[in-house]
Amino acid sequence: MWGRRLLVGAVLLSTCCLIVSGTNSTKKGRNFVGNVDVVNNITGKLGYTVNEFAQKVLTSGLTRVFLPLVYIIVFVVGLPSNAIALWVFFFRTKKKHPAVVYMANLAIADLMFVIWIPFKISYHLNGNNWIYGEGLCKVLVGFFYGNMYCSILFITCLSVQRYWVIVNPISHTRKKTKIALIVSVTIWIIIMLSTIPLYLYDQTVYVTNLNITTCHDVLPLSVAAYDMFNYFLSLGIGLFFLPAVLITVAYALMIKTLNASITDENIGKKRKRAIMLIITVLIMCLVCFLPSNVLLLVNYGTIKETHVGNVYAVYIVALCLSALNSCIDPFVYYFVSKDFRENVRNTFLCRSVRTVERMQISFSSMKYSRKTNSYTSSSTNTKTSTC
């Protein structure tokens with residue numbers, strides 16, 4: 001039953017446009033917008049009517065069931081996993097090398113996005129009716145797109161840094177960690193500046209014939225067709241396509257370097273596993289971010305040319321995929337970083353950092369005695385302490 005409703009919702013989304021303008025308009029014989037006719041008593045803003053297709057979209061199972069279900073999964077998985085990742089990076093990781101700096105910032109970005117998701121879940125479950133005011137809607141939209149581009153930039157930094165480590169394995173210095181910190185601060189400044197335009201436009205629209213207030217789903221035609229198109233085109237080129245090229249090149253060079261160094265059979269197995277991991281991470285990045293950014297431009301480009309957003313269904317599904325990245329990242333840290341895996345295990349085993357260090361010293365100081373045919377240790381203090 002739900003499957004049929006979702007299918008109907010997807011078809012409707014692909015044939016309608018969630019945009020409005022100040023007057024009734026017709027293009028190529030199609031009536032695609034409504035008119036301003038009512039003032040919302042609560043917000044004091046003008047109300048817009050939308051056509052029959054848009055009404056069915058805003059009441060379909062795709063927006064009221066499928067989207068909140070995906071965001072619930074992102075929240076339930078992403079909140080604890082990113083919180084644990086931050087705990088490990090800040091309190092369990094002793095050596096703050098560049099990769100740790102980038103991964104910690106990526107976890108912060110994901111966590112800042114995840115904590116706002118309950119508002120989006122509530123919005124969709126409430127029939128796409130936003131009840132939290134214009135300010136919170138702008139913040140939600142800003143964090144949504146800001147997180148996507150912030151994640152792309154930090155993943156790019158991680159990719160370039162990992163390639164540099166493979167090419168120059170003895171290049172870890174304090175200076176490089178400072179550079180990583182400077183790069184991270186620069187990225188945060190870029191993201192904050194790039195999301196400012198989202199706060200300059202009203203993101204909420206009162207739909208009179210449904211008696212709901214939408215958040216970013218319905219926009220005036222002049223804003224959606226021109227301002228948003230130019231804005232997202234700039235973001236797409238500068239903050240996605242160029243970084244995506246760098247990520248792809250970095251991973252391709254990593255695979256080439258690792259393949260060329262496969263000689264010993266045992267080392268070869270490890271290198272092959274590393275290559276498979278690199279390919280997996282690359283595919284994950286492309287699946288999460290490529291469709292959403294391409295369809296983002298296609299959606300607003302179509303609105304600009306035809307005033308009809310006929311790819312909106314695929315576009316919002318792609319945005320869900322980009323949101324899933326926030327709960328996938330911590331598992332990538334786990335498989336990519338050996339130190340991260342060990343710190344997570346020690347955290348769940350309730351071992352303190354000092355305890356782990358004592359255990360490592362104890363094991364490393366054990367010596368084999370040929371006379372007694374056994375191991376002797378100069379340190380026996382291996383008691384574990386609670387976290």
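Nothing fancy with the numbering, it's 1 onward along the sequence. The figures here come from the full heavy-atom set of this structure, side chains too, leaving out hydrogens, waters and symmetry mates. Computed from a predicted model, the values in this text were never measured in an experiment.
Two rings, from His216 and Tyr145, have their centers less than 6.0 Å apart. Taking the six-membered ring wherever Trp is involved, the centroid distance between the rings of Tyr149 and Phe240 does not fall below 6.0 Å. Aromatic ring centroids of Phe113 and Phe144 lie under 6.0 Å apart.
Two residues are said to be in side-chain contact when any heavy atoms from C-beta on lie closer than 4.5 Å; Ile117 and Val74 meet this criterion. Cys320 has its side chain within reach of Leu67: a pair of non-hydrogen atoms, C-beta onward, lies under 4.5 Å apart. For the pair Leu125 and Arg64, the minimum side-chain heavy-atom distance is 4.5 Å or more. Here the side chains of Leu210 and Val207 are in contact, with some heavy-atom distance below 4.5 Å. Side-chain contact between Phe289 and Leu321 is absent, with no heavy atoms from C-beta onward closer than 4.5 Å. Side-chain contact between Met112 and Asn147 is absent, with no heavy atoms from C-beta onward closer than 4.5 Å.
With values rounded to the nearest 0.5 angstrom, Leu290 atom CG is found 12.5 Å from Ile283 atom CD1. Atom CG of residue Asn126 and atom CD1 of residue Ile212 lie 9.5 Å apart, to the nearest 0.5 angstrom. Rounded to the nearest 0.5 Å, atoms CG (Asp202) and SG (Cys215) are 11.0 Å apart. Considering CG of Leu282 and CG of Leu286, their distance stands at 4.5 Å, rounded to 0.5 Å.
The only member of Asn105, Val101, Ile108, Asp110 that meets side chain to side chain contact (heavy atoms under 4.5 Å, CB included) when paired with Phe154 is Asn105. Applying side chain to side chain contact (heavy atoms under 4.5 Å, CB included) to Phe232 and the options Leu297, Ile237, Asn293 leaves one that passes, Leu297.
Note on Leu86 and Leu181: separate hydrophobic clusters, where clusters join Ile, Leu, Val, Met, Phe, Trp and Tyr whose side-chain heavy atoms are under 4.5 Å apart, directly or indirectly. Linking ILVMFWY residues whenever their side-chain heavy atoms come closer than 4.5 Å, directly or via other members, leaves Val160 and Met254 in distinct clusters. Cluster membership for Trp188 and Leu235, using ILVMFWY side-chain heavy atoms within less than 4.5 angstrom, is shared. Grouping the Ile, Leu, Val, Met, Phe, Trp and Tyr side chains by contacts below 4.5 angstrom, directly or via other members, places Leu140 with Ile191. In the hydrophobic cluster analysis, where Ile, Leu, Val, Met, Phe, Trp and Tyr join through side-chain heavy atoms closer than 4.5 angstrom, Val183 is grouped apart from Leu246.
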CA sep, side-chain torsions, deciding dist, call: Thr63, Asn128, side-chain hydrogen bond (donor to acceptor under 3.5 Å, both in side chains): CA-CA 7 Å; Thr63 55; Asn128 298 307; 3.0 Å; yes
Stepwise side-chain hydrogen bond (donor to acceptor under 3.5 Å, both in side chains) test for Tyr206 and Thr214: CA-CA 6 Å; Tyr206 177 59; Thr214 60; over 6 Å; no
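Counted by atom type alone, Thr257 and Tyr163 present zero donor-acceptor pairs between their side chains at under 3.5 Å. Side-chain N/O atoms of Asn82 and Asp329 include no donor and acceptor closer than 3.5 Å.
Between Phe75 and Pro118, the shortest heavy-atom contact is CE1-CG, 3.6 Å. Summarising the geometry of Ala107 relative to Ala85, their closest heavy-atom pair is CB-CB, 4.4 Å, with the distance given to 0.1 Å. Smallest separation of non-hydrogen atoms from Ser122 and Tyr132: OG-OH, 2.7 Å.
The aromatic rings of Tyr123 and Trp130 stand perpendicular to each other, their planes meeting at an angle above 60°, with 30° marking the opposite boundary.
A side-chain donor-acceptor contact under 3.5 Å links Gln203 to the backbone of Leu198. Within the 3.5 Å criterion, the main-chain N or O of Val294 finds no donor-acceptor partner in the side chain of Tyr315. Side chain of Glu134 to main chain of Thr204: a donor-acceptor pair is present (N/O by atom type, distance under 3.5 Å, no hydrogens or angles).
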